[in-house]
Amino acid sequence: KPRVFSAMQPTSDSLQLGNYLGALVHWVKLQDTHDAIYGVVDLHALTVAPDPAVLRARTRRTAAQFLAGGVDPTRSIVFCQSHVPEHAELAWLLSTFTGFGEAGRMTQFKDKSAKVGESGTNVGLFTYPVLMAADILLYDTNVVPVGEDQRQHLELSRDLAQRLNARFGEGTVVVPEPHIVKETAKIYDLQEPTKKMSKSAVSPKGTIEVLDDPKKVAKNIRSAVTDTGDVIAFDREAKPGVSNLLTIYSAIDGRSVDQLVAEYEGKMYGHLKSDLADVVVEFLTPFHDAAMEWIESPDRLDSVLEDGAARATAIARPTLERLYDKVGLLAPM
Ligand code: TYM
């Protein structure tokens, strides 16, 4: 079976709807056809200086949400990045193949460091995409399901893989393919529908936190910014707000955007928002309950992560040793 790898950072108590629809939904589907590995990338989260106790809690909560969303730990590997030290080891190796300028061109780094200023940023934020490449290459990954915002990072992973293959021979590492599903690749903020929905949005009303109180979720949807005019149509340029709502609706409900547009012909924006609020709340309720069950049984959760770490290590260790050998590191006696 081809292998799929993906991961999320434990940087919030709840995933937002973009993480869910842009990534998690596709992770769950790919389990049927792929050998799947899904990580909580706690080492990546260290780049934003989290409070230690909060980081620990969020690491468990993030794993709980993978499971609640349908990742099946009996088939797929669910693990915590820091439990498999090979990630950090391969990141070092890959950093010696990454150009300084190449890393500096990563737009997420440029955006984040511009926000905090040069003195506020850290080297980890700069090398972040190299650690991400290590995550992927360590498992000879074929497919990486992510949202649009990770496209450039994935391109770096591919460049690094191709560079290693050119230097040490074809087949040294697998060159990963992005799996970015067009319809849900970018879910937008409800208040500023030209910006992506994110955990760090300016207005909390623009984000749907999937573990939030259903009343608040519904309220945020009902107060979503729509566009001038009164026709419900899909047009990203002219009607970003309505288009985003239609995208979310279609992703959850299964009907196509065209079908929804036909169905809402002659109806008002308010109708669409109120129906969508119901649909989202209904969708999130069982997820919420399942996530809470996992969060309230940390021992059960930890044993999933322990099992995941062992299975991940069994794949990661031989890959790292193979690459250490290729680059000329002396094997330990
Ligand atoms: P993270 O934790 O920021 O986001 C997790 C996943 O959610 C997707 N996503 C979105 N998709 C659609 N619309 C949105 N508004 C939206 N916001 C977030 C992201 O694209 C991502 O797929 N660097 C990664 C974590 C990572 C990783 C990896 C991913 C580390 N190593 C290896 C894949 C493979 C990140 O910060 O994702």
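In this chain, residues are counted from 1 in sequence order. Because the structure is predicted, anything quoted here is derived from the model rather than measured. Atoms within each ligand, like the ligands themselves, are counted from 1 in listed order.
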Y128 near ligand 1 by a heavy-atom separation under 4.0 Å: yes
Element-labelled atoms of ligand 1 that are located less than 4.0 Å from some non-hydrogen atom of A23: 6 (C), 7 (O), 22 (O)
Lys/Arg-Asp/Glu bridge criterion (N-O < 4.0 Å) met for D302, R60: yes
Ligand-residue contact atoms, ligand 1 with V144, heavy atoms, under 4.0 Å: 33 (C), 34 (C)
Salt-bridge present (E148, K182; N to O < 4.0 Å): no
Sub-4.0 Å heavy-atom approach of T11 to ligand 1: no
Sub-3.5 Å N/O-N/O distance, P145 and ligand 1: no
Protein heavy atom at shortest distance from atom 37 (O) of ligand 1: Q150 NE2, 3.9 Å
Distance-only N or O hit between ligand 1 and S6, under 3.5 Å: no
Contact summary for G308 and I77, nearest pair of heavy atoms: O-CG2, 3.4 Å
Option whose closest heavy atom lies nearest to atom 22 (O) of ligand 1, chosen from G147, P176, A251: G147
Lys/Arg-Asp/Glu bridge criterion (N-O < 4.0 Å) met for R56, D42: no
Lys/Arg-Asp/Glu bridge criterion (N-O < 4.0 Å) met for E321, R317: yes
Ion pair R163/E102, N-O distance below 4.0 Å: yes
Atom 20 (O) of ligand 1: nearest protein contact (heavy atom, Å): D149 OD1, 2.4 Å
Contact partition for V146 relative to ligand 1, non-hydrogen atoms under 4.0 Å: both
Identity and separation of the nearest protein heavy atom to atom 10 (C) of ligand 1: G18 O, 3.4 Å
Validation row, ring centre F283 to ring centre Y249 under 6.0 Å: no
D13/R58 salt bridge by N-O under 4.0 Å criterion: yes
Residue, atom name and distance, where the atom is the protein heavy atom closest to atom 28 (C) of ligand 1: M132 CG, 3.4 Å
Nearest-neighbour protein heavy atom for atom 18 (C) of ligand 1, which is reported as residue plus atom name and distance: N19 ND2, 3.2 Å
Shortest protein heavy-atom distance from atom 29 (C) of ligand 1, along with the residue and atom involved: A7 O, 3.5 Å
Ligand 1 atoms in contact with H44 (distance to a heavy atom under 4.0 Å): 30 (C), 31 (N)
Atom 2 (O) of ligand 1 - nearest protein heavy atom and its distance: Q9 N, 2.9 Å
Parallel, tilted or perpendicular: ring planes of H153 versus Y128, cut at 30 and 60 degrees: tilted
Distance from atom 31 (N) of ligand 1 to nearest protein heavy atom, with residue and atom: D135 OD2, 2.6 Å
Sub-4.0 Å atoms of ligand 1 with respect to non-hydrogen atoms of I187: 12 (C), 13 (N), 14 (C), 15 (N)
Residues D275 and K267 bridged, charged N to O under 4.0 Å: no
Enumerated ligand 1 atoms positioned under 4.0 Å from heavy atoms of M197: 14 (C), 15 (N), 17 (N)
M8, portion touching ligand 1 at heavy-atom distance under 4.0 Å: both
Contact atoms of ligand 1, heavy-atom distance to G22 under 4.0 Å: 11 (N), 12 (C)
Where A251 and L21 come nearest, the two heavy atoms and their spacing: CB-CD1, 4.1 Å
Mutual orientation of the aromatic rings belonging to Y139 and F5 [parallel < 30°, tilted 30-60°, perpendicular > 60°]: parallel
Electrostatic pair R311:D307 at N-O distance under 4.0 angstrom: yes
Q16 touching ligand 1 at heavy-atom level, < 4.0 angstrom: yes
H87 and F79 aromatic ring geometry - parallel, tilted or perpendicular at 30°/60° bounds: tilted
Aromatic ring pairing Y38/W27, orientation class (parallel under 30°, perpendicular over 60°, tilted between): parallel
Atoms in ligand 1 with a heavy atom of K199 nearer than 4.0 Å: 2 (O)
A185 to ligand 1, any heavy atom closer than 4.0 Å: yes
Atom indices of ligand 1, in the order listed, that fall short of 4.0 Å to a heavy atom of F5: 32 (C), 34 (C)
